[in-house]
Protein chains: 2
Amino acid sequence: MWFSIDFSSHTPVYVQIKDNIKASILSGKLKTGDYIPSIRNLAKDIGVNINTVARAYRELEIDGVIRPQRGEGYVVVGVQSEQIREELKDELLKLLRKCKASGIKQNELIEVVKKVYSGNGGEEFDTES
Amino acid sequence: MWFSIDFSSHTPVYVQIKDNIKASILSGKLKTGDYIPSIRNLAKDIGVNINTVARAYRELEIDGVIRPQRGEGYVVVGVQSEQIREELKDELLKLLRKCKASGIKQNELIEVVKKVYSGNGGEEFDTES
DNA sequence: ATCACTGTACTATTATACTATTACAGTAGA
DNA sequence: TCTACTGTAATAGTATAATAGTACAGTGAT
C-alpha cells in the first residue's frame with residue numbers, strides 16, 4: 001500500500017491515515033472519482049483494526065474529501081487544496097520556531113529544505129492506487 | 001511563565017513541557033545550576049495537574065537534564081545539545097516531505113523559514129525564570 | 001438465490017494521558 | 001519548633017485511542 005504509519009508517534013493512527021489520504025490527493029496520486037482501498041483492506045495492510053480506518057474514513061467524509069458508496073467503497077470527491085497547504089505551513093511554522101529557539105541556525109534549516117527538494121529524501125510511494 | 005501549552009495538540013502535555021524546558025536550556029534561557037519552577041507552581045501556571053508536571057520532570061531527570069533536590073526544587077544539569085538539535089531536524093525532515101508531497105513549492109517553505117528568523121514570529125518568552 | 005465483497009453499527013476491553021485528592025518526607029527560614 | 005515551601009508516592013476516576021468481535025445491510029457477479 002502507499003503509505004506507512006508511525007506507531008511510535010503521538011499522532012493517532014486515524015489522523016495519520018487522514019493526512020496521508022489528503023496528501024495523496026493533493027499530490028495527484030489520487031484523483032477525483034478514484035476508489036480508495038476498502039476499510040477492511042487498508043486495515044489489513046496497515047495492520048490496524050477496522051474501526052480505526054473506519055473512523056478516519058468517516059471523518060474524511062465529514063470533511064467532504066471522500067464519499068461512501070455502500071457495497072462498493074469510498075470514492076474521492078476532492079480537497080480544499082489551498083486550505084490544507086495552509087494548515088501544513090502553520091504546522092511548519094510552529095516547528096521552525098522550536099528550531100530557532102533551540103539555537104539552530106537559519107542556514108541549516110534552508111539546507112534541510114533544499115535536501116528534501118533535491119530529488120532524494122522525498123517520498124517512498126508506489127505509483128498505483 | 002515562559003511557555004504555552006497547546007491543549008488541542010495530540011502531543012501529550014508532559015511531552016510539551018519536556019520539549020519546552022529542553023529548548024529553553026538550548027537557547028540559553030536556562031543555564032546549568034538554575035532552578036526551574038517547582039512542580040506545583042508550573043502546574044498552576046499552565047493549568048494542568050501536578051502529576052502531569054511531575055511526570056515531565058521525572059523523565060527529564062532520567063534523561064539527565066535536571067536533578068531533583070528534595071525540599072528545594074529541580075536544578076538544571078545540562079543537555080546533549082547537538083543530539084536534541086538533530087532530533088528536531090529529523091522531525092522537520094518528515095514534515096517537509098509531507099509539504100513537498102502536498103505540492104508546496106520550495107520557495108514558499110524557504111519564505112516561511114526566513115519569516116521565522118526575521119525578528120517576529122519567534123518566541124513569546126519572558127526573560128526571568 | 002447465493003456468494004463475496006462493500007460500508008455501518010454496536011458492545012466490551014485495554015492502554016494511555018490526564019485529573020483529583022491525599023499523604024508523607026526533606027529543607028530552609030522566621 | 002513551627003511554618004511554608006520543596007519533591008515523592010499512591011489511589012481513584014475520566015476521556016480517548018485502539019483493539020477485538022459480532023452483526024447487519026447494500027451492491028454486483030455468478
Side-chain angles (χ1 to χ4, degrees), chain A residues 1-22 30 33-77 128-129, chain B residues 1-22 30 33-77 128-129:
Chain A
M1 217 7 91
W2 6 299
F3 54 81
S4 55
I5 298 296
D6 180 5
F7 290 100
S8 68
S9 165
H10 288 112
T11 305
V13 172
Y14 79 91
V15 174
Q16 293 186 51
I17 294 173
K18 287 175 64 181
D19 289 346
N20 268 291
I21 289 184
K22 282 185 186 174
L30 284 176
D34 282 356
Y35 279 89
I36 60 176
S38 77
I39 291 179
R40 285 179 180 81
N41 271 346
L42 186 55
K44 198 178 166 191
D45 277 15
I46 296 179
V48 298
N49 193 268
I50 295 177
N51 300 323
T52 306
V53 179
R55 174 165 184 186
Y57 281 16
R58 199 187 316 132
E59 295 195 4
L60 282 172
E61 182 198 352
I62 292 172
D63 291 349
V65 176
I66 57 179
R67 189 207 319 266
Q69 297 210 309
R70 216 183 176 101
E72 295 181 57
Y74 276 93
V75 186
V76 172
V77 174
E128 34 84 34
S129 64
Chain B
M1 217 7 90
W2 7 298
F3 55 81
S4 55
I5 298 295
D6 180 4
F7 291 99
S8 68
S9 164
H10 288 113
T11 305
V13 173
Y14 78 92
V15 174
Q16 292 185 51
I17 294 173
K18 287 175 64 179
D19 288 347
N20 269 292
I21 290 184
K22 282 185 187 175
L30 285 176
D34 282 357
Y35 279 88
I36 59 177
S38 76
I39 292 180
R40 285 178 180 80
N41 271 346
L42 186 54
K44 197 177 168 191
D45 277 16
I46 297 178
V48 299
N49 191 267
I50 296 177
N51 303 322
T52 306
V53 180
R55 174 167 185 183
Y57 282 16
R58 200 187 317 134
E59 295 195 3
L60 283 172
E61 183 198 351
I62 292 173
D63 292 349
V65 176
I66 58 180
R67 190 205 318 267
Q69 297 210 308
R70 214 182 179 104
E72 297 182 54
Y74 276 93
V75 186
V76 172
V77 174
E128 36 84 33
S129 64

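The sequence lines fix the lettering, A, B, ..., with proteins before strands; numbering per chain opens at 1. As the structure is a prediction and not an experimental result, all values here were calculated from the model.
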Q: Is any side-chain heavy atom of A:Tyr57 less than 4.5 Å from a side-chain heavy atom of A:Pro37?
A: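 Yes, at least one pair of side-chain atoms sits under 4.5 Å.
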Q: Considering non-hydrogen atoms only, spot the tightest contact between A:Val75 and A:Tyr35 and give its length.
A: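 Minimum heavy-atom separation between A:Val75 and A:Tyr35: CG2-CE2, 3.6 Å.
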Q: Taking atom C1' of C:dT8 as reference, at what distance in whole Å does atom CD1 of A:Ile62 sit?
A: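 The distance from CD1 of A:Ile62 to C1' of C:dT8 comes to 14 Å, rounded to the nearest Å.
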Q: Might you point out which heavy atoms bring B:Thr11 and B:Gln16 nearest each other, and give the distance in Å?
A: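 Looking at all heavy atoms of both residues, the shortest contact is O-NE2, 2.9 Å.
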Q: Give the B/S/- string for nucleotides 3-18 of chain D, one per nucleotide from 5' to 3', where a protein heavy atom under 4.0 Å of the base yields B, of only the sugar-phosphate yields S, and otherwise -.
A: ---BBB-B------SS
Q: For residues 47-55 of chain A, please give each side-chain donor-acceptor pair under 3.5 Å, one per line with the distance, not counting sequence neighbours.
A:
from: A:Asn49; atom 1: OD1; to: A:Asn51; atom 2: N; distance (Å): 3.0
from: A:Asn49; atom 1: OD1; to: A:Asn51; atom 2: ND2; distance (Å): 3.0
from: A:Arg55; atom 1: NE; to: A:Glu59; atom 2: OE2; distance (Å): 3.1
from: A:Arg55; atom 1: NH2; to: A:Tyr14; atom 2: OH; distance (Å): 3.1

Q: Give me the atom names and distance for the closest heavy-atom approach of B:Ala56 to B:Lys18.
A: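 In terms of heavy atoms, the two residues are closest at O-CG, 3.7 Å.
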Q: Could you state the atom-to-atom distance from CZ of B:Phe7 to P of C:dA17 in whole Å?
A: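 The distance from CZ of B:Phe7 to P of C:dA17 comes to 16 Å, rounded to the nearest Å.
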